[in-house]
Amino acid sequence: MLALDLEDPDPDTLLQRSSRILKESGEYVCAIKINRQLVLALGLRNGVDKLLKTAHESSLPTIMDAKLNDVGHTNEFMLRSYIDAGFDAVIASPLVGWEGGLDSVFRLAISTGRAVILLVYMSNPGADAFYSLRTMSATGKPKQVFELLAEMAIEWKANGVVVGATKPEIISSVRQLAGREMAIFSPGVGAQGGDARRAVEAGSDYLIVGRSIYTDPIPSAAAKRYRDMAR
Ligand code: BMP
């Protein structure tokens with residue numbers, strides 16, 4: 001999956017560059033992930049929505065990496081804006097919990113045929129400080145935070161989970177816990193040091209790649225390389 005996180009001080013140039021990378025690399029990726037940084041820079045209307053249209057013309061699903069993590073009514077409002085702009089899926093954080101947190105997100109996603117992907121273990125080195133904390137589950141069994149989050153994803157019937165490609169051993173644990181059906185999305189390949197082969201062998205279904213594609217002198221060639229590696 002292509003993480004389209006380009007930066008440019010000029011919004012028109014940013015849109016043109018993002019669109020070019022998307023068109024050139026599109027045939028080698030299976031989806032597009034857009035981050036809040038691009039939404040801030042371009043706006044949803046007459047900006048990011050143009051990229052979504054381009055992606056959809058190539059049959060590429062679009063994922064809004066909103067990391068939704070607020071109370072229910074604002075989560076719902078944000079998700080509705082993303083859906084209205086044309087997004088097919090959203091990334092949310094399960095830390096906020098179900099009731100009055102992500103319940104509204106799942107409800108809206110289900111009623112509009114959208115997917116929800118939950119953050120279970122982030123790819124950055126500092127993520128260990130929280131996601132691997134040992135804690136006690138409701139049944140009194142000791143568990144690590146990411147295990148609880150993966151269990152929430154299963155219970156809430158999320159469409160997938162995010163586990164950093166930099167943590168192959170965690171990918172394996174989540175795969176064991178969640179079974180074959182749960183899609184695992186792994187960012188952190190390349191620029192953050194994650195190894196594509198190790199992530200896939202550990203059980204990841206989708207590699208999320210940003211800088212290692214869009215900063216390459218030939219982005220389409222880099223996208224093809226990662227696609228071939230994943231295969
Ligand atoms: P890059 O391949 O350039 O490192 O980008 C990774 C992308 O994945 C970024 O869009 C980032 O926001 C996202 N991401 C991540 O890097 N680690 C996570 O744990 C979760 C993410 O969403």
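Start at 1 and go down the list; that is how both ligands and their atoms are numbered.
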Result block: side-chain N/O donor-acceptor pairs under 3.5 angstrom for residues 17-25, not counting sequence neighbours:
unit_1: Arg17; atom_1: NH1; unit_2: Glu7; atom_2: O; d: 2.9
unit_1: Arg17; atom_1: NH1; unit_2: Asp8; atom_2: OD2; d: 3.1
unit_1: Ser18; atom_1: OG; unit_2: Leu14; atom_2: O; d: 2.7
unit_1: Ser25; atom_1: OG; unit_2: Ile21; atom_2: O; d: 3.0

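Listed by chain and number, residues touching ligand 1 at under 4.0 Å (heavy atoms only) are Ala3, Asp5, Lys33, Asn35, Asp65, Lys67, Met122, Ser123, Pro187, Gln192, Val209, Gly210, Arg211.
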Check your understanding: Under the side chain to side chain contact (heavy atoms under 4.5 Å, CB included) criterion, do Val200 and Leu207 qualify, and how do the steps go?
Key -> CA-CA 8 Å; Val200 171; Leu207 303 175; 4.0 Å; yes

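For residues 166-177, the set of pairs meeting the side chain to side chain donor-acceptor pair (under 3.5 Å) definition, not counting sequence neighbours, comprises Asp128-Lys167, Arg175-Asp205.
Considering only heavy atoms from C-beta on, Asp88 stays 4.5 Å or farther from Ile63 through its side chain.
The residues Glu76 and Arg107 are annotated as not salt-bridged, no charged nitrogen and carboxylate oxygen being separated by less than 4.0 angstrom.
For Asp228, the salt bridge (charged side-chain N to carboxylate O under 4.0 Å, His left out) test picks out Lys224, with sequence neighbours left out.
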